[in-house]
K.L.:
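Here it is, the structure in full.
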Amino acid sequence: MAGRGSFNYDVFFSFRGEDTRLGFTGNLYSALSQRGIRSFFDDKEIRKGKEITPSLVKAIKESKVAIVVLSQNYAFSSFCLDELSIILECCEENKGQLVLPIFFNIDPSDVRHCRGKYGQALENLEERFKGDKEKPNKWRVALHKASNIAGFTFKNGNEYECDFIWRIFQDVSLKIKRKLLHVANYPVGLESRVDEVISRLKVGSDDVVHMVGVHGIGGIGKSTIARAVYNSIRHHFEGFCCFLENVRENSHKYGICHLQQMVLSDILGYEDFKLRYVSDGMAMIEQRLCSKKVLLVLDDVDKIEQLQAIAGAPNWFGLGSRVIITTRDHGLLKHHEVKSTYEVEELNDKEARELLCWNAFKTDKVDSRYIAILNRAVGYASRLPLALEVIGSNLHGQKEDVCTHTLDRYDRFPDKKIKDILKVSYDSLDEDERSVFLDIACFFNGHKLADVEDILSAHYHLSVEYSIKELIGKSLIKIDSGLVTLHDLIQKMGREIVRLESPHEPGKRSRLWFCEDVVQVLNENKGSSKTHILILDFPKDEAHMKGPKSEEVNWDGEAFKDMKNLKTLIIRNGSFSSGPTHLPNSLRVLKWQGYPLLSLPCYFHPKKLSILELPDSCLKPCEPIQAFSHLTILDFSNSESVTEIPDVSGVRNLEKLSFRCCEILTKVHDSVGRLGKLKILDASGCKNLKNFPPIILTSLEQLNLSHCSILESFPEILGKMEKITEIQIRGSPIKEYPFSIQNLIRLRKLELQMCGMVQLPSSIFMLPELSLMHVSKCEGLALSEQDKGNKMVLKSSNVDHLVLSNCNISNDFLPIGLSFFFNVKELNLSGNNFITLHAWIKECHLLRNLKMDDCSLLREIRGIPRNIEKISVKGCISLRFLDLTVLPECNAECCFLKELILDDCACLREITGLPPNLNSFSAKGCTSLTLQSISMLCNQEWVEAGNKKLFFPGKKIPKWFTHHTRGGSTSFWFCNKFPAISLCLVIGRGDEKHIKVKFSPRVCINGHKQSLGCQKIYEFMIATDHVLLLQFEDNEDIVFTDNGWNHVEVSYADHITNNEDSIREVAKFSGIHVLYEQTCGPRDVQFHPPQTLISVNFDSNSMERPRQRVKIVTERPQKNQAMVLSSSILTLTQPPPADAEKGLARQPILLPMSPLEDVVGETSKSVREDGEVYDITIQNGIERCHENDAVQLESVSSSELHSEESPFNTRGSDSDDPFDRVGRKHFISGLEVISPGAKSDESSSNTKGSHSDYVINLVDRKSSVNGHVTLPSRADSLGSIKEAINALELLMVKDLSEVSSDPATQFGLHQLLDVLSRRTVEVQEALAEFKRKAVTSCQEFQSTVESVNKLKSNEKHLERIQQETITSKDRRNDLKNSIKEISLVIKAENKRKKELEAEIDSLKEQLDAKGRDLEQLLLNLKNKEATLSAYSTNCASLNDQAQKLLEEADVLLAAKDEGEAAEVKQNRLKSTWSSDITLQISKIKHNIFGSVHNEC
């Protein structure tokens, strides 16, 4: 094909040759052909004969536009009319084809209404085709459709024919448009990206103008996507389309005026625009296109001036227009206020492999020998479509070794074509932006944005934030999760630019990053002043082995001496044979991990050094740091030699100071606490730091004192510090916090974890902005010592989120400690040891969320705040009762509670006072709940009050549930409105294994999955059976049929991620309950497939009888079974009943035949067991039907159908047109009742349908063999009615205005209506006669049914009596057995009673013996009292004797000089004294032993 999609021709001409071949049509064909529009015109070989040949049909289908020249004699040709019908059919099948009618010297209304010459022509054709009335009807419809299509009208004398042809040419030029744009040879991964753009265009909305920007790096596929989108949607814009390619390149070559001329020429269809200035083009574009719905694509825009000149504003174009802009510069789209943008995503791995395969091997199948080459090529291209296509083309047809060699060369030198395309964005950058880009490409791909900004800002001594934004805008770099990233090929392109600065001498390049190049320069001392940045970053595994290839960097330390312009030096993971002897004073950034020396070189005095980071180093700072006045970052982290932080008062610009994990650090200089610009202070992990100096750091934002193992106190705060908003301390046993902590006036979050015994001052509670306080895993909480002796004025804190978990909190602390937090909104007291939650909790009026999980000692809750919304007491194993009505006012005011969680409270027995409207209630694992509590949870009134989700132990579905089944799925039918329903699911299984499930409800309506509020994922782990109750209602997202029954399937889908059980295996029962009063009535919901409803009604003059419910049986009748005869007037409907009220068109329904025995036998059963019963109201008698009778029912007459009483009267239909009412299609089926004994030829009914597109089934009446139930035939009348209705249908193509203005048509219409009226009266009379006889038969039939029913009822009553008799005998036997068992139990109890009496007697005897022993014990006590009295007397005597002995001893001492006589006397006294004492002691011993012996 010639580049026109599926069309071989631009235009197909349909015309009457004798009218216009040699005139207007010939001239139009010539004008279009001269302008390159290929047309199909008067091919005589194809047009031979009277029938449309296949070749001509093929030509019509292969033409983009069909021009139909409707001249005066066009309709006299049946060939032309057939051709017109085929053209219209083809256009309906292929939405891309168009029809352009030209009314040449004819009024369009004559064509539309077939009057004048067109009316005469059709009359002639109808006469000619008498036997085939369908063709004239088809031609009328085709002419009517063609006349309603917008076209051109020409009348001689109104305008020049040449001008008229020019206008047609312009319109045709727009309609055929250009060929489809070439998109891609292999459009891999294109569809999803095209859909993303189309979704943003919102093509269906024509009330606004949308501009959409497509941006991304070069070679990502922006233009390819734009071309595909253009081809997909351009047919919506009536030819006003323009795809402006290569805007950047063409703007530079030819200027913007040239682009403006191209846009105007493409959209308006001619090329005589002469623009001198850009402003002229802007004005003309706005003037000419402001009323046209256009599609404009501007591809590869790189300057804002281009957008302003071509698509300056949305109001330049008509409503419904769409403008697509592709660019590498996202900032340009923002500047032009393009709100909807799409950043083109890279191909995924699968798509990249597929695209490469197609380009390299021309297939998606790869030879196994090339898999390694393929993987390597995909890795090099990094999923960039351009690179994949270029590399694939270069590998195509090559052998393995050639492919490998090609990829080796790519590793060293990027492909020139790829590099040139990517370099376009680089060339558009300013000098500063180019430098920043090269820095990032060489060093910082994948680094944190904050670190990159710090380093480059210090390097250039100015902020690089603007340059980075420009690079992001031009799609050269991205920020992903705070990291700076860029495409691998863009990185290679940037590094190649630097490499080409000195291809063979790395030391003369501006940037050194490649390890081998850096090591070579350092080893050989080949550095130069051209190097500005040097970063040596060995891979960690190689660094662990002392440098690359397991070798050290062997140097003399002088390599940096010649690098006089080196500003940034960064060394990571390096291993050096010695330290540096010289460092350049030009350095502004020095980061050396593992610096090997104890100090910096003595002649190192950099005046502009901003960043000094020496982590893991051997540096031992002792002297004051004074020389680095511009220093902003100082880092000694993880240094094993740092014992103290020296005086830093000389670095007043310091913003970040870190000595993290300096484990032997013991002292911090006081100057650290007075750094006015310090923002970050990190002293975490200093295990030997005991004290911290006072601080007044007015700029401090972050303070880290975690894991300081012996730090005892928080530093004093000497003044207000307004910048710090958060303090987190973990693992530091700080015992006391100073009162001066109140100076942290902007502190919002305080987090203390694993901090031992925490003493908090009252001042901390008064911090004005403190909103979150988190204290957990501490040994205890207490007020500071200075607050204990003072009287405190209680003022509630502003803390609204308070966590005091696992802090050993007892009952005593709660009322005092929490009195500071009455404004709290979320309170977490989990894991503590209090027993009672006191009533003081009610004073927390703002509390919304209360959490007390795993409080194992909690037994009682005495109060609940009135505004509480969520309570969680999971795992409180001592809680036995939960009373939510603890105070009278609480029950009335506790109406906000939405969520109550009681999981795993194993001892919980009773729950009282549950409020309504709970969104969630969970009592998982509460296996001790009483039946009364379970009954309360299953209470229908409480559940229907609005409780959305309930989960508790249980084995059964509540009895009030409307419908329930085994397993985990169920279904129902509804109409009109989706009902509010409750779902119930019983989860469990027979064994004792734990059940772990993760699932979500799934609701499908008519086979389509719906999104409902309850369809979130539920996850449970249980040991026993549990019940899950869910409730949800209709919402806006539910899609269903409004005018019929909708089938709803409810099931449960697994979300297994960690060895959970399948919900299908553990779902025992499922149920549905409909909340009828809220959304619908009982008739709107059914739980079985809706069946046909039959309502038999007769006139009101007959005797009314009670309604009977009869179940419709659809099985074939058995032999000798009588058949149920339905009435002659039947209201045949399908549920829902509301269809008749809505005026919906009724479909043909054939009533099932039912054996009489089935009906009578199942009547009472269907009423009692099955809710699906249908009413048959019998108001008159019916003649008895004999077994051999063959009866046929005739349809209701049209007058009865349209009467007020008729249920078929379609009030409220969409049209009030009388022709629509006459032509409305009623489908009425007759019911044929055939007895089993009748032959098929006797019972067959003959139904005939007209050739029209609707059918009225009219069953001819026949007389039976026996003459029963016969009606006179009215075949002639019915045939006349058919003809009248067919004639009226033909009139429907005419407008009412034509009927009112055409007397002939009016007269014909009245005649047809008269015929219809007369025939209708005759049919009514015949039906009335049949009705009378049918009434008599129905009466007899009713009497028979009643008799049979009575007989069946008596039989069932007798069977019931017999069954009860058998049952009573069984019960009597059971009673005898029970009496015997009870007798045996009584005997056993009597025996046990005697044994107990004997035991009681024995116990009485033992009690008497114990009484006697007690009396003896009292007597012994009295004896002991006497003994004690004797002891006292003896003690007094001993005291007296001892006193005498003392006196005698004094005398002896006084007479020590009296010689031998005195000595003899003294010895005698000693002997006497000793014997007396010995005697006394013997007496005492004798008394004691005697007393003990008596007691024994």
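On a predicted model such as this, the values are computed, not experimentally measured, just so you know.
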K.L.:
Answer yes if the ring centres of Phe951 and Phe1020 are under 6.0 angstrom apart, and no otherwise.
P.N.:
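Yes, ring centres under 6.0 Å apart.
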K.L.:
I'd like to know if the side chain of Asn939 and the backbone of Ser935 have a donor-acceptor N/O pair within less than 3.5 Å.
P.N.:
no
K.L.:
Can you tell me how far apart OG (Ser971) and CD1 (Ile1005) are? Round to the nearest 0.5 Å.
P.N.:
12.5 Å
K.L.:
Distance only, no hydrogens: is a donor on one side chain within 3.5 Å (strictly under) of an acceptor on the other, for His963 and Thr965?
P.N.:
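Looking only at side-chain atoms, Thr965 and His963 do not form any donor-acceptor pair under 3.5 Å.
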K.L.:
Would a 4.5 Å heavy-atom cut-off, applied to side chains only, mark Phe921 and Ile911 as touching?
P.N.:
yes
K.L.:
Establish, from distance only, whether the side-chain atoms of Asn806 and Ser776 form a donor-acceptor pair under 3.5 Å.
P.N.:
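Note: Asn806 and Ser776 side chains miss the donor-acceptor criterion.
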K.L.:
Run the side-chain contact (heavy atoms from CB on, under 4.5 Å) test on Leu1384 and Ile1382 for me, step by step, so that the C-alpha distance in whole Å, both residues' side-chain angles and the decisive distance to 0.1 Å come before the verdict.
P.N.:
CA-CA 5 Å; Leu1384 295 175; Ile1382 292 172; over 6 Å; no
K.L.:
Are any of the side-chain heavy atoms of Leu914 and Leu884 separated by less than 4.5 Å?
P.N.:
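Leu914 reaches Leu884 side chain to side chain.
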K.L.:
Of the options Leu827, Leu829, Ile861, which is the one that meets Ile841 in a side chain to side chain contact (heavy atoms under 4.5 Å, CB included)?
P.N.:
Leu827
K.L.:
Look at atom NZ of Lys777 and say whether more than 12 heavy atoms of other residues, nucleotides or ligands are closer to it than 6.0 Å.
P.N.:
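It does not: Lys777 NZ has 12 such atoms or fewer within range.
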K.L.:
Not counting sequence neighbours, which residues clear ring pair (Phe, Tyr, Trp, His ring centres under 6.0 Å) with Trp960? List them please.
P.N.:
His1073
K.L.:
Strictly by modelled atom types, are Ser1062 and Asp1054 linked by a side-chain donor-acceptor pair under 3.5 Å?
P.N.:
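A donor-acceptor contact under 3.5 Å links the two side chains.
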K.L.:
To the closest 0.5 Å, what do you measure between CD (Glu826) and NZ (Lys870)?
P.N.:
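Output value for this atom pair is 8.5 Å.
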K.L.:
Can a donor-acceptor pair be found, under 3.5 Å and without considering hydrogens, that links the side chain of Trp942 to the backbone of Pro915?
P.N.:
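Yes: the side chain of Trp942 pairs with the backbone of Pro915.
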K.L.:
Should we say atom NE2 of His838 is surrounded by more than 12 heavy atoms from elsewhere, each under 6.0 Å from it?
P.N.:
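Check passes, neighbour count above 12.
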K.L.:
Give the C-alpha distance, both sets of side-chain angles, the deciding distance and a yes or no for side-chain hydrogen bond (donor to acceptor under 3.5 Å, both in side chains) between Ser810 and Asn833.
P.N.:
CA-CA 5 Å; Ser810 63; Asn833 298 328; over 6 Å; no
K.L.:
Any chance CD of Gln932 has more than 12 other-residue heavy atoms, nucleotides or ligands included, within less than 6.0 Å?
P.N.:
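No.
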K.L.:
How long is the straight-line distance from CD1 of Ile835 back to CG of Leu858, given to the nearest 0.5 Å?
P.N.:
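Between Leu858 CG and Ile835 CD1, I get 9.0 Å after rounding to 0.5 Å.
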K.L.:
Are any of the side-chain heavy atoms of Ile995 and Val997 separated by less than 4.5 Å?
P.N.:
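Of all side-chain heavy-atom pairs linking Val997 with Ile995, at least one is under 4.5 Å.
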K.L.:
Do you know the tightest heavy-atom contact between Asn867 and His845?
P.N.:
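That would be ND2-O, 2.8 Å.
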K.L.:
Could you pull out the closest heavy-atom pair between Cys926 and Leu902, with the gap in Å?
P.N.:
SG-O, 2.9 Å
K.L.:
Looking only at heavy atoms, which two atoms of Leu985 and Ile1063 are closest? And how far apart?
P.N.:
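Reported closest heavy-atom pair: CD2-CD1, 4.1 Å.
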K.L.:
Shortest non-hydrogen contact from Cys855 to Gly831?
P.N.:
SG-N, 3.8 Å
K.L.:
Quick one: does any side-chain atom of Ser1383 pair with a main-chain N or O of Ile1379 as donor and acceptor, under 3.5 Å?
P.N.:
yes
K.L.:
Sequence neighbours excluded, which residues qualify as salt bridge (charged side-chain N to carboxylate O under 4.0 Å, His left out) partners of Arg1360?
P.N.:
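For Arg1360 there are no salt bridge (charged side-chain N to carboxylate O under 4.0 Å, His left out) partners, ignoring immediate neighbours.
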K.L.:
Taking the side chain as every heavy atom from C-beta outward, state whether Leu983 and Tyr1052 have any atom pair closer than 4.5 Å.
P.N.:
yes
K.L.:
What are the two closest non-hydrogen atoms of Ala923 and Asp903, and how far apart are they?
P.N.:
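It is N-OD1, 3.7 Å.
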K.L.:
Are Leu908 and Ser928 close enough that some pair of their side-chain heavy atoms sits under 4.5 Å apart?
P.N.:
no
K.L.:
Kindly check if the number of other-residue, nucleotide or ligand heavy atoms within 6.0 Å of NZ (Lys949) is above 12?
P.N.:
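Counting neighbours around NZ of Lys949, more than 12 heavy atoms of other residues, nucleotides or ligands fall under 6.0 Å, so yes.
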K.L.:
How would you list, by chain and number, every residue that makes a side chain to side chain donor-acceptor pair (under 3.5 Å) with Thr912, sequence neighbours excluded?
P.N.:
Asp883
K.L.:
Checking His1055 now: which residues fulfil side chain to side chain donor-acceptor pair (under 3.5 Å) with it, not counting sequence neighbours?
P.N.:
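Residues passing side chain to side chain donor-acceptor pair (under 3.5 Å) with His1055: Ser1000.
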K.L.:
Between Ser872 and Asp853, do the side chains contain an N or O donor and an N or O acceptor separated by less than 3.5 Å?
P.N.:
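Note: Ser872 and Asp853 side chains meet the donor-acceptor criterion.
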K.L.:
Is there side-chain contact between Met852 and Leu837, with heavy atoms separated by less than 4.5 Å?
P.N.:
yes
K.L.:
Under the 3.5 angstrom rule, does the side chain of Asn832 hit a backbone N or O of Leu804 as a donor-acceptor pair?
P.N.:
yes
K.L.:
Please lay out, stage by stage, how Ser199 and Asp195 fare under the test side-chain contact (heavy atoms from CB on, under 4.5 Å).
P.N.:
CA-CA 6 Å; Ser199 67; Asp195 291 342; over 6 Å; no
K.L.:
Keeping Ser856 on the side-chain end and Ile877 on the backbone end, is there a donor-acceptor pair under 3.5 Å?
P.N.:
no
K.L.:
Give a yes or no on this: more than 12 heavy atoms of other residues, nucleotides or ligands lie within 6.0 Å of atom CD of Glu941.
P.N.:
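Result for CD/Glu941: open.
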K.L.:
For Cys905 and Gly875, work out which heavy atoms get closest and say how close.
P.N.:
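The answer is SG-N, 4.2 Å.
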K.L.:
Please indicate whether His1357 has more than 12 foreign heavy atoms, meaning atoms of other residues, nucleotides or ligands, lying under 6.0 Å from its NE2.
P.N.:
no
K.L.:
To the nearest 0.5 Å, what is the distance between CZ on Phe999 and CD1 on Ile1017?
P.N.:
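Nearest 0.5 Å value for the CZ-CD1 distance: 10.5 Å.
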K.L.:
Side chains of Arg862 and Thr836: does their closest heavy-atom pair fall under 4.5 Å?
P.N.:
yes
K.L.:
Could you tell me whether Glu869 and Arg848 have a side-chain N and a carboxylate O separated by less than 4.0 Å?
P.N.:
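Yes, Glu869 and Arg848 are salt-bridged.
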K.L.:
Should the pair Asp854-Lys874 be classified as a salt bridge under the 4.0 Å nitrogen-to-oxygen rule?
P.N.:
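Judged by the 4.0 Å cut-off on N to carboxylate O distance, Asp854 and Lys874 do not form a salt bridge.
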K.L.:
Can you tell me how the ring of Trp973 sits relative to the ring of His1047, calling it parallel under 30°, perpendicular over 60° and tilted otherwise?
P.N.:
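Geometry flag for His1047 against Trp973: parallel rings.
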K.L.:
To the nearest 0.5 Å, tell me how far Gln1031 CD sits from Ser982 OG.
P.N.:
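Atom-to-atom, Gln1031:CD and Ser982:OG are 4.0 Å apart.
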K.L.:
How far apart are the C-alpha atoms of Arg859 and Leu879, what are their side-chain angles, what is the distance that settles it, and do they pass the side-chain contact (heavy atoms from CB on, under 4.5 Å) test?
P.N.:
CA-CA 4 Å; Arg859 297 181 182 178; Leu879 186 66; 5.6 Å; no
K.L.:
Answer whether the closest heavy-atom distance between the side chains of Phe972 and Pro979 falls below 4.5 Å.
P.N.:
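Sidechains of Pro979 and Phe972: in contact.
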K.L.:
Yes or no on side-chain contact (heavy atoms from CB on, under 4.5 Å) for Leu818 and Trp840, after CA distance, side-chain angles and deciding distance?
P.N.:
CA-CA 9 Å; Leu818 297 185; Trp840 58 263; 3.0 Å; yes
K.L.:
Scan residues 955-976 for pairs that pass salt bridge (charged side-chain N to carboxylate O under 4.0 Å, His left out), counting only residues two or more places apart or in two chains.
P.N.:
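Applying salt bridge (charged side-chain N to carboxylate O under 4.0 Å, His left out) to every pair that reaches into residues 955-976, excluding sequence neighbours, yields Lys955-Asp1025.
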K.L.:
Roughly how far apart are Leu772 CG and Asp800 CG, rounded to 0.5 Å?
P.N.:
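Rounded to the nearest 0.5 Å, the CG-CG separation comes to 8.0 Å.
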K.L.:
If you count heavy atoms of other groups shown closer than 6.0 angstrom to CG of Leu931, is the number above 12?
P.N.:
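No, CG of Leu931 has 12 or fewer neighbouring heavy atoms, counting only those of other groups under 6.0 Å.
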K.L.:
Can you pull out every salt bridge (charged side-chain N to carboxylate O under 4.0 Å, His left out) where at least one residue sits in residues 978-989? Sequence neighbours excluded, please.
P.N.:
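The answer is Arg989-Asp991, Arg989-Asp1061.
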K.L.:
Any side-chain to backbone donor/acceptor pair from Glu1060 onto Thr1057? Under 3.5 Å, distance only.
P.N.:
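Looks like yes, one N/O pair under 3.5 Å.
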